[in-house]
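Working notes, structure below.
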Amino acid sequence: MSTGLLIFLAIVLFFAIMFLVAKATELSASGEDKTDALERKSNTQAKLLMAFLIIGLSATAYSFYALYPRMLPESASIHGDWVDSMFNITSLIAILVFVGVHIVLISFVYKYRYRRDRQAYFFTHSNKLEIIWTVGPAIVLVFLSFKGLSAWDKIFDFKSLPQEPGAIHEIEVTGKQFGWIMRYPGTDGKFGERIIDKEHISTINELGINWEDEHSRDDFMADELVLVQGKPTYMILGAQDVIHSFFLPHFRVKMDCVPGMPTRFMFTPKYTTEQYKEEVLKKSKYWQQINPETGNPRWQDFTFELACAELCGKSHFAMRREVKVVTQEEYDAWVKDQKSYYETVIATN
């Protein structure tokens with residue numbers, strides 16, 4: 001007998017037992033005084049709900065405590081601090097409301113459970129309460145909206161990018177099933193023109209790059225995302241087939257890649273990969289634990305990653321790529337080792 005069938009039969013048996021227990025309880029209560037039965041049932045349900053409140057909130061608090069080290073560590077980008085601040089404030093308000101509402105709700109159920117010697121008071125309406133629970137949430141939502149808009153304006157303030165040559169780090173990333181095409185400008189710091197038509201797009205020129213444009217001759221492709229510490233990074237994003245989502249979780253970067261509609265994002269890395277491991281992760285007890293797969297402390301095996309956050313097909317998982325953050329000197333040395341796509345592919349065909 002298959003495991004699935006056994007699980008199905010166990011579930012059916014469980015609900016059958018619950019049904020029989022409920023029927024037995026109903027039959028046993030039918031011969032009792034209805035008022036006594038109602039009061040006893042009300043007391044039982046009130047106590048169970050109070051136990052549920054205590055156990056549930058305790059379990060929730062423990063889960064936060066136990067899983068917190070495995071959540072995303074400190075932001076690795078400047079704008080990520082603004083995002084985290086907004087997220088923390090929103091989460092704090094949501095937690096306070098969640099806990100407060102459940103405490104009040106279940107406390108009321110417990111305090112005002114049915115008793116035969118107590119007369120219920122019929123409360124119809126209160127203008128004061130209506131104002132409080134309408135104006136209060138409205139003020140909180142307006143505050144969160146303005147804080148979110150303020151962060152949005154700073155994150156997408158492309159006009160603030162330095163205009164001097166070489167002052168920003170530009171990378172063009174195109175998502176496809178199932179991978180990323182990452183194009184870097186060569187030594188001239190400029191991308192070559194792209195022309196999206198049948199004449200320019202081919203199996204060896206998926207992006208439709210115009211090779212007549214001199215700026216395209218030194219552009220190169222890489223299979224890893226290399227960023228420069230402290231240098232504004234300007235991402236130009238696109239997609240060839242379906243919607244993909246460019247996601248750098250540690251940098252708090254997430255932007256959809258949409259076919260036919262380029263999107264853009266900018267951010268500035270705060271640490272190199274090695275600095276992040278030494279100055280941030282190494283201080284955490286979780287990251288000091290030994291990784292059973294490698295025998296090293298977890299922080300030593302850490303790498304930043306690029307992922308697709310949009311379910312884009314059966315091999316969606318394969319879109320993960322390593323992300324490196326290096327100093328400007330290390331990046332310049334890496335660029336010198338790269339060969340232009342035109343020289344290595346186009347000119348040889």
Fit a plane to each ring of [X] and [Y], take the angle between them on a 0 to 90° scale, and name the class: parallel (under 30°), tilted (30 to 60°) or perpendicular (over 60°).
X: Tyr342; Y: Trp211; answer: tilted
X: Phe267; Y: Phe251; answer: tilted
X: Trp334; Y: Tyr331; answer: tilted
X: His169; Y: Tyr184; answer: tilted

Presence of salt bridge, [Y] and [X], under 4.0 angstrom:
X: Arg321; Y: Glu224; value: no
X: Glu170; Y: Lys190; value: no
X: Arg113; Y: Glu39; value: no
X: Arg183; Y: Asp219; value: yes
X: Glu343; Y: Arg217; value: no

Checklist entry - Is Leu311 linked to Leu306 within one hydrophobic cluster, defined over Ile, Leu, Val, Met, Phe, Trp and Tyr using a side-chain heavy-atom separation of less than 4.5 Å? => result no

Checklist entry - In terms of heavy-atom contacts, does CZ of Phe158 have more than 12 from other residues, nucleotides or ligands at under 6.0 Å? => result yes

Item to check | Over 12 foreign heavy atoms within 6.0 Å of CD, Glu293 | outcome: no

Checklist entry - Between the side chains of Asp332 and Gln328, is a donor N or O closer than 3.5 angstrom to an acceptor N or O? => result yes

Checklist outcome for this item: Scanning both residues in full, the closest heavy-atom pair of Thr268 with Gly230 reads CG2-C, 3.6 Å

Item to check | Heavy-atom closest pair, residues Pro137 and Ile132 | outcome: CD-O, 3.8 Å

Item to check | Backbone N/O of Phe87 and side chain of Ser91: donor-acceptor pair under 3.5 Å | outcome: yes

Item to check | cation_pi(Lys282, Trp287) dist<6.0 Å, angle<=45 | outcome: no

